[in-house]
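These notes concern the structure reproduced below.
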Number of protein chains: 2
Amino acid sequence: MRYSYQREVIKNIVCSTKSHPNAEWVFCEAKKQIENISLGTVYRNLKILENTGKIKSIHDDNQVRYDGNIDDHHHLKCVECGALIDTDIQSNFDRKKIIDDYDFEPNEVKFFILGKCKKHTK
Amino acid sequence: MRYSYQREVIKNIVCSTKSHPNAEWVFCEAKKQIENISLGTVYRNLKILENTGKIKSIHDDNQVRYDGNIDDHHHLKCVECGALIDTDIQSNFDRKKIIDDYDFEPNEVKFFILGKCKKHTK
DNA sequence: ATATAAATAGTAATCATTACTACTTACAAA
DNA sequence: TTTGTAAGTAGTAATGATTACTATTTATAT
């Protein structure tokens, strides 16, 4: 893969925040560094970075958000403000039961907990 | 809420399948019973049925799918064919840990397991 | 029966994302 | 160090899912 300054900037933006931003936000941040960067470039490079394992994507309702934390982890989502919070909680399920009962080969778990973050608990 | 034949038909379609259909599929089925039903009517009523607890929605990638099974349950998703399969697996997490460590009030878990269904395991 | 507010059909608009195209640039080889 | 070229980009158009709008229809209370 050829070097691209735009891709470098985009990667650094995603990896420098814990806010799990969407493409639009990354685009706005990137414009601060590259005034005429294109939204299409942001979308394309986010996908490339995801496919090469540099970042992860999270499907949140009907938007895609990106995460610079590529370690296995799950999220808490605040239903009030939409914030996603990284956690180290484990998702353990009975692998054998799934194979036996459902004839299904499990591979990966997507898991998040909805609730209210500290800003919104009363 | 006023009675609507369209809403009744839409509800019966969603509650008569385990395929977790999207709005487009429900629309096609509904047209078999009401030739000139409008896609907007389908979207509006799916949302109403969800808000009144008659059906549930599942955000799958960038599409919304609906589920007539309103009992608490989780899904297996086949990465090959996109099939969603209902399960009775439990999602147990350490509620106290989440409150203590993250100052977060958990309310609901969304959880699904990606893998391959029996049609696609070799 | 009639009034009326809610629901509908049909169509236009929106929003996130992807596709297209002419121009630019990284970088390999001369 | 130039130069050829394929990969990458900016800018814009297109797509697909969903929502909004509006004139017409319909459920239902009086």
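Protein chains get the first letters and strands the later ones, always in sequence-line order, with residue 1 at the start of each.
The side chain of A/Arg44 places no N or O atom within less than 4.0 Å of a non-bridging phosphate oxygen (OP1 or OP2) of C/dT18. Close to D/dT9, at under 4.0 Å from its OP1 or OP2, lies a side-chain N or O of A/Asn45. Within the 4.0 Å cut-off from OP1 or OP2 of C/dT17, not a single side-chain nitrogen or oxygen of A/Lys47 is found. Residue A/Gln6 has a polar side-chain atom (N or O) positioned under 4.0 Å from OP1 or OP2 of D/dA10. Between B/Tyr43 and D/dT19, a side-chain N or O to OP1/OP2 separation shorter than 4.0 Å is absent.
In this structure, B/Glu108 does not pair ionically with A/Lys77, as no charged nitrogen and carboxylate oxygen lie closer than 4.0 Å. For B/Lys110 and A/Asp60, the salt-bridge test fails: no basic side-chain N is under 4.0 Å from an acidic carboxylate O.
A/Glu8 places its CD atom 17 Å from the P atom of C/dT25, with the value rounded to the nearest Å. D/dG8 atom P lies 15 Å from atom NZ of A/Lys11, rounded to whole Å. The CD atom of A/Gln63 sits 20 Å away from the P atom of D/dG16 (whole-angstrom rounding). Remark: P of C/dT17 and OH of A/Tyr66 are 7 Å apart, rounded to the nearest angstrom. Between A/Asn51 atom CG and C/dT18 atom P there is a gap of 11 Å when expressed in whole angstrom units. Across the protein-nucleic acid pair, A/Asp60 atom CG and C/dT17 atom P stand 11 Å apart, rounded to whole Å. The nearest whole Å value for the distance from the CG atom in A/Asn62 to the P atom in C/dT14 is 17 Å. Whole-Å rounding puts the B/His59 NE2 to D/dA17 P distance at 15 Å.
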| message | Between A/Phe112 and A/His75, is the ring-ring contact (aromatic ring centres under 6.0 Å, His included) condition met? List the steps. | response | CA-CA 5 Å; A/Phe112 62 98; A/His75 298 96; 7.6 Å; no
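Residues A/Cys117 and A/Glu80 are not in side-chain contact: their nearest non-hydrogen atoms beyond the backbone lie 4.5 Å or more apart. At least one side-chain heavy atom of B/Pro106 sits under 4.5 Å from a side-chain heavy atom of B/Phe93. Contact check for A/Tyr5 versus A/Ile34: side-chain heavy atoms found under the 4.5 Å cut-off. Side-chain contact between A/Leu114 and B/Val109 is absent, with no heavy atoms from C-beta onward closer than 4.5 Å.
Using a 3.5 Å distance cut-off with no hydrogens or angles, the side chains of A/Asn69 and A/His20 do not pair a donor with an acceptor.
Atom CD of B/Gln90 has 12 or fewer neighbouring heavy atoms from other residues, nucleotides or ligands inside a 6.0 Å radius.
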Mind listing the N/O atom pairs, protein and nucleotides 26-30 of chain D, below 3.5 Å?
from	atom 1	to	atom 2	distance (Å)
D/dT26	O2	B/Arg2	NH1	3.1
D/dT26	O2	B/Arg2	NH2	3.2
D/dA27	O4'	B/Arg2	NE	3.3
D/dT28	OP1	B/Tyr3	N	3.1

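Near DNA chain C, meaning a heavy atom under 4.0 Å away, the residues from residues 12-41 of chain B are B/Asn36, B/Ile37, B/Ser38, B/Thr41.
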